[in-house]
Structure formats: C-alpha cells, structure tokens
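Right, one structure below, let's go through it.
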Amino acid sequence: MRYIEQQAVVKRMNGRLIANSIFKYIFLAATLVALVALIILLYRIVSQGMGHLSIEFLTNFASRFPEKAGIKAALVGSLWLMLVVAPTSIILGVGSAIYLEEYAKQNRITTFIRMNISNLAGVPSVVFGLLGLTIFVRAMALGNSILAAGFTMSLLILPVIVVASQEAIRSVPGELRDASFGMGATKWQTIVKIILPAAIPGILTGSILALSRAIGETAPLIVIGVPVIIQFLPAGVMDTFTALPMQIYDWSSRPQPEFQNVAAAGIMVLMAVLLFMNSIAVIIRNKFDKRY
Amino acid sequence: MTTIVTKKAITEELVNDSAKKAVYETNQLNLWYGANHALKNIDLEIMENEVTAIIGPSGCGKSTYLKTLNRMVELVPSVKTSGEILYRGRNIFDHDYGVEELRTRVGMVFQKPNPFPKSIYDNIAYGPRIHGIKNKKILDEIVEKSLRGAAIWEEVKDRLNENAYSISGGQQQRICIARALAIEPDVILMDEPTSALDPISTLKVEELVQELKKDYSIIIVTHNMQQAARISDKTAFFLNGEVIEFDQTDTIFSNPSDKRTEDYISGRFG
Amino acid sequence: MTTIVTKKAITEELVNDSAKKAVYETNQLNLWYGANHALKNIDLEIMENEVTAIIGPSGCGKSTYLKTLNRMVELVPSVKTSGEILYRGRNIFDHDYGVEELRTRVGMVFQKPNPFPKSIYDNIAYGPRIHGIKNKKILDEIVEKSLRGAAIWEEVKDRLNENAYSISGGQQQRICIARALAIEPDVILMDEPTSALDPISTLKVEELVQELKKDYSIIIVTHNMQQAARISDKTAFFLNGEVIEFDQTDTIFSNPSDKRTEDYISGRFG
Amino acid sequence: GSTETGTQTAGESGVEGTVSGDGSSTVAPIMEGIVEEYAGVQPDVQVTVGTSGTGGGFEKFIQGETDFSNASRPIKEEEAASLEEAGIEYTEFELAYDGLSVVVSQENDWVEDLTVEDLKKLWVEDGTTKKWSDINPEWPDEEVVFYAPGTDSGTFDYFNEVILEEEDLVSSATLSEDDNTLVQGIQADPNAIGFFGYAYYVANQDTLKVVSIDGVEPNNETIESGEYSPLSRPLFTYASNAALTDNEAAYDFMTYAIENAGAMAEAVGYVALPQEDYDKDLADLEALK
Amino acid sequence: MRPSVQEMIARSNGKKNKKVIEKIIPVLLFLIASVSVLTSIGIVVTLIVETITFFTRVPFFDFIFGTTWLPFSNKDAQFGILPLIVGTLKVTLIATIVAVPIGISAAIYLSEYASENVRRILKPVLEVLAGVPTIVYGFFALTFVTPILQSVFPEIKIFNAISPGIVVGIMIIPMIASLSEDAMSSVPKSIREGALAMGSTKFEVAWKITVPAALSGIIASVVLAVSRAIGETMIVSLAAGSTPRFDGDFTGSIQTMTAYIVQVSKGDAGFGTTIYYSIYAVGFTLFVFTMVMNILAGYVSKRFREEY
Ligand SMILES: Nc1ncnc2c1ncn2[C@@H]1O[C@H](COP(=O)(O)OP(=O)(O)OP(=O)(O)O)[C@@H](O)[C@H]1O
Ligand SMILES: Nc1ncnc2c1ncn2[C@@H]1O[C@H](COP(=O)(O)OP(=O)(O)OP(=O)(O)O)[C@@H](O)[C@H]1O
Ligand SMILES: [Mg+2]
Ligand SMILES: [Mg+2]
Ligand SMILES: O=P([O-])([O-])[O-]
C-alpha cells in the first residue's frame, strides 16, 4: 500500500508554500529592523549635529560657549591614543596568534591560553578600566597619561586581534605550508615568507576593526580618570589627554541644551573616523579576497 | 599503443643498466596516526632514475608513505613511526638528520597545485632564496632553467611577474614542479599530481615526468591505473597500509601474482 | 561473470516489454553557469523501471544534468537554462510547476552521505512528516518499510534513536536512500552514491540499486565504469557538456560507436 | 570683557609649564571659562582641570596629584588634617557666590515656595513614601521623585549640612555627578524635585522652574546680599603653596584666575564677590611669591 | 659554469646558523602569548585584592544578600548589591527580549533566504551596527528613544530600564545575528540540499533542519550576547539613571553594576575609602557574572555540538 498520497501532498502544498513566504517576510523584516535602527540613529545624529559641524569645530579647543566648542584636543588625543594602541596590541596580538597557531603543542597550557583569550574577550570594558586604574595609573604611576590609557585599551582589544589573526593564519591553505616545508624551509622562514604575507590582509582587517573599537570605548577612560577640560595638545605619551568619546560624553552631560548638538557633531566626527577606518578594512579585504 | 612500446624499451634499458643504485631503502616501516596503524611493515627499495608508481584504493596509505619519505608526515602531531628509511644509505629518522636538509634533497609536488600567492618568478626563486642564494643573476638563471625543465618556460616567460594564481591549474602544477626543480633535488615525490587537472594538462605533466626521470628519481602516487601503466617503471600496490605487491610495472599489470592486485586492477573494488 | 548474465536478461526483458513509458524526456536542454556553457543541447529519454547510468570525465556535466532533473541546480544563483525537460509529460520548467512538488516525486541520493543531524528514525520520518503524516503508527511502519527497502533495517533496528552520524559512512548512505524511499518517489537520482564508500558498502549499495529498479526508475552518475557496466541498463556518455553516446549499457561497453567513448572507456583519458 | 584685567599682571612674559587642578563641578564652569581664556593668553601653559566633585578633588589634592582643588564648600577638618599629614600647605581663595537652587519641572503648577522645614520633610529619609500631598493637602497625591548631585559633590555636602543636618537623603533619589542628568530628569517629570548650583538653573531657565525658599527667590541680589538663606554659599579654590612658589605657571595661572573670577562668575551665572575680596586674594597670592 | 644549486645551498647553510633563531623565536612568542594570561591574572588579582579589603569593612553576606545599596549615606552606608544586580538584570532582560527574536530571525534570513548579493550588503550593515560606539547608543537612548517612549507611555520616567534595555538590545542584535548565522552556515550545504531534494520548502529546511542542527551555536551566541548586555556600561550610565532599587519597576530610574562603577569613577572616590573599594567589589561581581556566562557559552557550544 502507499502511505504518501499524491493528492494529499498536493493539497497540503499550498499551506506549506504560504507558510514559507510568510516566514520569509518575517525574517526579512527582522533583518531590516537592524537596518532601520541604524538609519534612524544616523539620521538623528546628523540632523542634530550638522549645524555644528565646521572647520572651526575641528580646529577649536573645547569651550564653555557651545558655538565656540571644538573637538581638536579630543581628536588629536584619540590619534595619540592610537599611536600607542596600534603597535602594542598588534605586536602582542599577532605574536600570540603565531604562537598559538604555529608553535603551540596541544597541551594543557595551550588549551588554557586559548580558553583564557576567549574569556578575556567577554570581560566588560569597565573592568579593564579598573585594571588600568590599578596597574597602569596607580601601581606603575603612569597617571592618567596617554600611555596608561593606551596600555589599557591595548589589553582590551588584544583578544579581538588574537582571534582575528588566528583565523587569518588558519585560513592560509595548509598546502602552502606543506609546499614551503617540502622545499626544506624552516618553520620561521615559512611563517615570515609564506604564512604572514598571505595572512596579512586578514590580520590588518581584524586589527583595524579592533582599533576602531578602541577609539570608541568610553568606560575605561572614565574609570582611569581621563579629564575633559583641556586646552592644549599632548606632546608625548606621558602627557594627559582627552579623547573623542570622553569629549562627547562631557558635552552630552552638560546642562545647556545647545551642547546636545555639539555632542551630536562630536559623534559625527567620531563616526567619520570609524567609517574611515572601516573603509580601509573593507578595501583591504576586497582587494585581497580571492587569491588562492 | 605507444605506451606499451615505451615500457618495453624501459624494461630493456633496465636490464642493461643493472648497476643502478637505490635512493631509498625502506625497512620494516610502521606508522601510526594515534591509534590508527596506517603503514604496516613496509619494505621497499626505490631505484635511481626510475619512475616508481604507488597505487591502491583510497585510504590505503599511499600519501602517508610518500610523506614519510621526506618526513612531512611528522607535521601531524600524533604520528609515530618505527623501522627505518635509508636515503642514500643514511637513516632519515636518525636523531641528527636535519629534516630541512633532507627536504632540500627531496622535492615534493602535491595533489592540488599549490603555488605560493606570489609572482611566478618568486615562486621559483623561493627555494634558492631561503637557502641563502641572493645573487639576482644566479636566481634568474635558476628560474629559467627550472621553468624550462618543467616544460612551461615558453608559456610564462613573458609573465614572470604575474601572480602564480593567474594561470591555469595545469600550468600551476607545472610551476610547482619547476619550483621543486629549482633547488635541483635528487628525488621528486609526487602525490596524485594530475588528479586535479584536465586531460590535456595531464598529458603534459605525464610527458614531463618521462622527461624528468633522466635526471631525477621520481616516486608518484596515482589513483589512475592507466597512468601508472603509462608512465612508471615499477609499481607498488598498497592495500590497508601494506605493500601487497611491488614489481616491474608491466608485470603488475599483465601478470600480477596476488589475487588482490588483480581484483584491484580490474576494477573489482576501489 | 554474473553481471553479464544479468545484463543479458535485462536486454531480453526490455525487448519484450517495449510498452515501457518514458519518465523523463529531455529536449534540447542547455544550461549555463554564468558564462560557462555546462550542458549543450542535451536530448535524452529516460525509461521507467530502468537503471540509467551517466558516465564521463570530471567536469563534463554529469552532476549538473542530474541536478537539473529535480531543479536542484537552480540553487546556484547564476544558472540559466533553455530547452525543456518533460517529467511524465509535463515540462518541469513550466512557470507554475512547483519545485517542491517535483522533488517530492523525484528522490535524490548524493555523493557524500548527508543524513540530517537527527536520530535515524527522524531522518526517515522527516519526509512523511513534512507531508503531514503525524500518526505515530503509520510513521513507524513507513520507517521500517523504508529501512528494509534500503537493506539496512537489520543493522539499525535497535538503534533507531541514535544520531545518524554515529553509524558508518556506508550505512549512512543507505539511510539516505531509505530517507528518499520514505516518501515513495517515482524516480531516484543518484550522484556517485558509492564514491565515498568502501568496497563492501559499495557492493551493498549496488545490489540495492538492482533491487530498487523493480519499483523505481533510477538515474545514477558514476565515475566508475565497471560500476556502470555492472548495474545499469542504459548508459549515457557525457563529454564537455554534450551527450556523446546513449545506448544500451552493453552496447556502449562492448561496441561503442564513437571513438571518444571508446577512448574514455579504455582509460585513454579522464 | 573678562580678559582685560587679566592681561595686566599675568601673561606679560611667555610662561611655560603645566598646572593641574580638580574638584567641584559647581566651580567648573568658572574654572573652565578661565582656563579657556587663559589658553589664549599663555598658550604654552597646559592647564588641566578635572571635575571629580569637591570631595574627590580634595582626595587627589591630598595625594599630591593636583596643584589646586576647586570646592563648593569650605575644606573639612578631616581633609585639612590629611593635608597637614601629607605636608601640603595650601591657601584658600574665594572665587564667587553660588545660590543652591531648588527646582521643579515647569509642568509642576503647584509648587512656588517651600520652607526650609518643607525641604527637610521632603528630603530626609524616614522610611515613608513621600507624596506632594504630605506637604500641602491641596497638592497632588503623587509620589515625589528626587534628583540630587552625587555625594562626592560640595553641593550635596552643603545641602546635607544645612537642610538634612546629617540625616540621610531619601534613598529613592537619583544621585548623579552629571548635572545634565539632573536637569533632564527634573524637567521631564511634573512630580520631580531637585537641587543644584545656581548656574545650572540659570542655564536651564527655559525648562525648569525655581522654587523660592521661605519666600526668597535666588537671584544675583538675594545671593550677594545673603538674603537667600540658608542656601547661598561661597565657592573656593585651594592652591598648594609649594606649587605657587615653585611653579611659575601655577602662580601665573592662579593670578589670572583670581583677577578674572568675578567677571567669569557673572558670565556663567554665578554672583561675583565684592572687589575687596579679590584684592585680598591677590595680596595673599603676592605674599607667596 | 656556476656550481650546482645544491652546492651553493650547502655552502650558505654552512655559514649561517638558522638553528638559533628557530630556538629563540618560539620562546619569544610564548612570552607574548602569555601577556593575555597575565592580563587575566592581573584582572583577577586586582579585583580580588581590593575586594578582600572591602570585605574587611562590609560583611560578605551583607554584600551579596543585602537588598539596600546606599553607599553614600552619612549615617549607615549599606552595601547590599542585590539592587544593582536587579538593575542589571532588568536592562538585560529587556535587551534579550528585543534582541533574541530579531537576531535569530535575521540570522535565518541571512543564512537561508538571502541571495549572495543581499547578504553582501546586509552583513556589513550589521557589522557597522556592532561597531557603533556605546556612547553613541547611550546618547541615542537618552535623546531619542526615551522621549518617544514617554510620548507613548507617559508613566515612563526620563531614566528607566526600558529605553536603555531596548538600545542595548539593538546593540547586541548583530552579535546574535552574526554568530548564529555562522553556526547555521556551518551546517553543511549537503544536508540542506538533502532536505530541499525531498521537496521541503526553505522554511521547513530552516526550521526543521538548520536551526536544530545549529542550536548549540545559536544558544551560545545568545549567552554571549547576554553577557555583553550585562557588561554594557555607557548606555546605562547615560539613560538608566542612578537609583539602586530592589523592586520590579522598569519605568523609573535604576542603577546597574556598571553604571555604579562609572558613577563613582567620575566622582573619583578617594583612594582608601569604602566607596573606593566598593567599585572593585562590584567590578568583581560583574566579572563573575560575565565569566560564568562566557564559560557557559563555551560549554554549550562544545557540549552540544552537533555531529555532522
Ligand atoms: N592527518 C591525519 N591524521 C590522522 N589520520 C590520517 C591523517 N592522514 C591520513 N590518515 C589516515 O591514514 C590512513 C591512510 O591515509 P592516506 O592519506 O595515506 O591514504 P591514501 O592512500 O593517500 O588515500 P587517498 O587515495 O584518498 O589519498 C587513512 O586511514 C587515513 O584516514
Ligand atoms: N555551482 C557551480 N557554479 C559554477 N560552475 C559550476 C558549478 N558547478 C559546476 N560547475 C561547472 O559546470 C561544469 C560541469 O560540472 P559538473 O559538476 O556537472 O561536472 P561532473 O561531470 O559532475 O564532474 P565530477 O565528476 O567532477 O563530479 C564544470 O565546468 C564545472 O566547473
Ligand atoms: Mg592520498
Ligand atoms: Mg559531479
Ligand atoms: O561638584 P560639586 O561642586 O557639587 O562638588
């Protein structure tokens, strides 16, 4: 006997197809929620901040007058911060990734390091702030300097860079490694000449994304005690400084309503910096996408 | 058929030239991946300036054996071996035998073409460079000679600075062979070098192998029995990690002494 | 050899039973992947209750043709087709022909076993369930019948609740066949169903195919020519997207009319 | 025109160096304005001013981390003692008057005036739920929503001292160091009440309604005259003597700050001291040089 | 005629000693890799040391079972952390309610329905959303979402748990969507094809095959996202208020653990005061919460990993 009757199948088919298309639109709508949220957020900020955006806004120091308030100190401060964070975190991150992917034996220490890195990625940034405050600001007496904040941020984004670099290294086809070893190359030669060049786009993309996270983080800076009323540019890594998110936070918490618009303009600058960094990442990714 | 003629010629040549030396002597080699006993008591003697084919069904240990010959298999962390492999008389498992040195003498070509994501020139120059040859003129010479040796010079000589991935798969595979030739190895190991190639590229590589054996000893793994029959002098038939039969290629294909070899060759399994 | 006997018997049967109907008629089918013209002017007629084998070298379009028969090929976004395929007289490319319905009538077995990551029972019951069969007793019956049909009931009847990935590859493949049988299809498409299996599992699947053709029409892609010779009634030889020859299997293998077919069968290329 | 006086004594010669201060966020608007103007006069002096609140500022001052510390109340005895222990000598400079303003939302149409007693009844934690009708039966039977500056602030300390008299603040209050938080919270809620520095009220006159205390509304006259009592108070900065003598930049900045404090205070909504007081401050400063 | 390549190689290998480099490099890299471990140790030790000091002043049980958080009180400061935990959980709950259905639906859409082109546009959009600094989200919550909520539900206060909850939810949508999508995409195409070839609709494939197969990954993504919501700081600092409350009200001002740390840090509680130590105790509690979630996520994705 037959269990599946073609007629019944055909009859049910309609309902199944309708369910299929209804759910398709539900899922699509959910996806678009994210898109819509982003558009509203950007529109809102641009419409609020546009009036304030000008060359002077970029070249003025902060001011008690909203119309004179500028973002120079914060912008330069954030760049200084990157000058510390980028080399520190990339050297540490890529080094760790090379160790874990190429050298580490499958033993308990390695498992522990891996587990530790994935857990570290989940530690809230405000807790990194407490670490920075205790170790860098106080114990190492760096004060609320660029160096102290930079080290804190470097540790904060370290796990992201390690994981991205690990993935980039892992995605280098094993055949390339084999080919190099097969020619009598040593491990380090293979890493430097074959694996790293092939992995560099991935590493850079991941690192830039991590750095853009560091540029936007506020909580650790607050905990470290980064000030905002600053009328000068730092001259070295031991100087005090302020950073974009701190400045935005300060403006957004000022009583005069006009400062809300200044804050929005500050956000636009911050977002522009992020957009710039992300486009570089995207360009790198697309440029080197399909090579093997 | 021409292939048969060739093989006959070879056999005659072999008989004449019985003074040929062994490059590899494998004695009671065993290999385990963890608990998986992948190679069992392998005894094989591989001769200079011959093409030795290794055939057998999937998973029988062909690639494993090949990779043991240049100790690439040790890149798998769980691998354990026993027995010995003498390369030119010296046990490659000796404690003080440097793998890098061994691999400099023994080139390898892989199943999938795997050029480096660099220019064609840099691919060929890679080997000489890592071994300390920096002189641009010497490198140029080596590159040309190797590409000629791999019968691809004419096709790429005007595009040496292009990325090696911009050429066809068959050309890539010959680039890989040229890359192996660049350090003038003694032996070339090939693991199914044509299995990812189209028929025409396959033919070219097969012709090249015939050419190369004048200067090199070649060990080639293949799943294509006709290929083994066409190009090799000797054939080893592997099954479940064991060498079932090892003999002159035409003996293996026309008159195998083991029932399993016959079954395999006639397509009864695999 | 027994296979030859079987084939002879089939041929006789065929002659007698010339009233057999076509399940599929392919007329001037062309298919492009983007700019790649993968199928060219295919004309094929596939008969009820027969095993039709499709052979040819890698990349010749075997899988593509098979996947066109149940329109799975449309999952590749860049695909374009022209021509028609009549299934039971109706053009499957018709605008209002629902793919889901077509695929309910036409089962498919893939190269690599691909059971769902569910229990063995749920794998088999999946099809009936989406078609609205909820009754536990009926489902039990279907599961048993399908597993018996796929000659694997005895091996798994005590582990129906285990994950389908806990059994061997050969068993998984038969589970996939049972899964296809569970919705009682009309045609079963098989794309190299034994190429990932060991010799013994291969044998079992081959026997099963012979068994199934009593009730189903089977189209099987294989790279193993001996397999095609052993189990099929008709064979189509594809090359570069074209059908070079389509005939009774023993004609193709003993007396091919095209030089290229002969070359391929004798292992001259591929 | 706040810079005119400044340029007379300070900023004649190019001074270089760094000066750091911290402390009251009530004083911050004055200090911030001064820092901003000063940067135009002495671009090579780097002044940083934190706003950790009066108490927080003193903590840093005691640690020796800062050269001066702004305060919206006089230094406490404990703080003075700690400074002595740390060997830090300091000088107190008065900068301006502030009226601590009690404000409600403009949507609140019942409260115009509260007595000190009312304030106490409202703000002291006594375990009950506070309702507006508790103060005046005609007012709505709605829960009062409280906003207050953080406890590290001098403003809180001052309110604590004169209104709460060391009782606890209602525990349902939203405490924030962030004055905008307070402004936003109060303006949006008709049942809200809060207090903070007079300058913040001035900056948000449009959205907030100030409550008069015992019939007196805070404005320049009532604050300067002391009529607005007890919620008016002086604002200070405390400078380290060592910094003033050893650090030319600190001395120069402080001179500039005092010379301009009155004008700046008025500009940002506080009340300037009588000129004699600034002259006295300057004399104190001179003495330290 | 030049010497053979092998001769040249032999000569140059004789000169240089690669072996030293090969020995030093792994050690160096190991030290670098240890930095992350040192960081973890640094975090744990820092938090524990200061927390222990805190517990010499505030009894442990008062801290973890206390329902009143009144650190700034003059008379008797109370440090019962439950109100802060409740505040954190309120925001997290709302965020989860917002993000889980949307995130998973988006993941299904991307992995099962979207064409390659659509995916190529939508995924970067999600990434942008994930890359927006939290201070921006906080500003958005306070100046946009809260006023809208208030105009619909007048009883909602300017500071509340709902607005930051929704915005934290929006913030973690990309995380759930992208990690769940990874989990679903890693279900082999062949399994999906198997289901389609039986006449399943796309929805049936998604709901009956892909989602169950990827369930461990999906759950892990949710757990990770919840952990992120717990640790989120700036959004709640700006928009949730600073009233530690042990009750079930979502419409009024609350305080989370993270917001408390920021509040005190901004006020810069003097080194050595109980309040100063309390931020470490709160930080440690927060750390434990997120750590448990992270370990749980790791456990879920490992323990329940589907075989295929
Ligand atoms: N890296 C590895 N780790 C563990 N086991 C392995 C590994 N590589 C191969 N094996 C196992 O060793 C055995 C021999 O494998 P090998 O790759 O040598 O076979 P082969 O003859 O080359 O097969 P094929 O024709 O498929 O390439 C198999 O059982 C295989 O599963
Ligand atoms: N998804 C795809 N997108 C683009 N081109 C494809 C796709 N799948 C197959 N092709 C191309 O179509 C042609 C036919 O491929 P098909 O897979 O049908 O060959 P086949 O005969 O099944 O080969 P094999 O024996 O290797 O399975 C090849 O040129 C192949 O590169
Ligand atoms: Mg192999
Ligand atoms: Mg195929
Ligand atoms: O910031 P305060 O002035 O209130 O200390």
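All values reported here derive from a predicted model rather than from experimental measurement. Lettering follows sequence order; numbering is per chain, from 1. Atoms considered below: every heavy atom in the structure, side chains included; atoms not considered: hydrogens, waters and symmetry mates.
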- Message: So if I take each residue of residues 179-188 of chain A and look for any heavy atom under 4.5 Å from a heavy atom in chain B, which residues do I end up with?
- Response: A/Ala179, A/Ser180, A/Phe181, A/Gly182, A/Met183, A/Gly184, A/Ala185, A/Thr186
Examine whether an atom of [X] lies under 4.5 Å from a heavy atom of chain A, and if so say whether it belongs to the side chain, the backbone or both; otherwise answer neither.
X        : answer
B/Val109 : neither
B/Lys118 : side chain
B/Arg179 : both
B/Phe116 : both

- How long is the gap from CZ on A/Arg177 to CG on B/Asn114, to the nearest 0.5 Å?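 Spacing of CZ (A/Arg177) from CG (B/Asn114) equals 12.0 Å.
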- Minimum heavy-atom distance B/Leu75-A/Asp178, with the two atoms named: CD1-OD1, 3.7 Å
- Hey, are the side chains of B/Pro117 and A/Leu176 touching, using non-hydrogen atoms and a 4.5 Å cut-off?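 In short, these two side chains touch, coming nearer than 4.5 Å.
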- Message: Using a 6.0 Å cut-off, check whether atom CD1 of A/Ile109 has over 12 heavy atoms from anything other than its own residue.
- Response: no
- Message: Within a 6.0 Å radius of atom OH on B/Tyr97, are there more than 12 heavy atoms belonging to other residues, nucleotides or ligands?
- Response: yes
- Just jot down the salt bridge (charged side-chain N to carboxylate O under 4.0 Å, His left out) partners of A/Glu175, sequence neighbours excluded, or say none.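 A/Glu175 satisfies salt bridge (charged side-chain N to carboxylate O under 4.0 Å, His left out) with B/Lys112 once adjacent residues are dropped.
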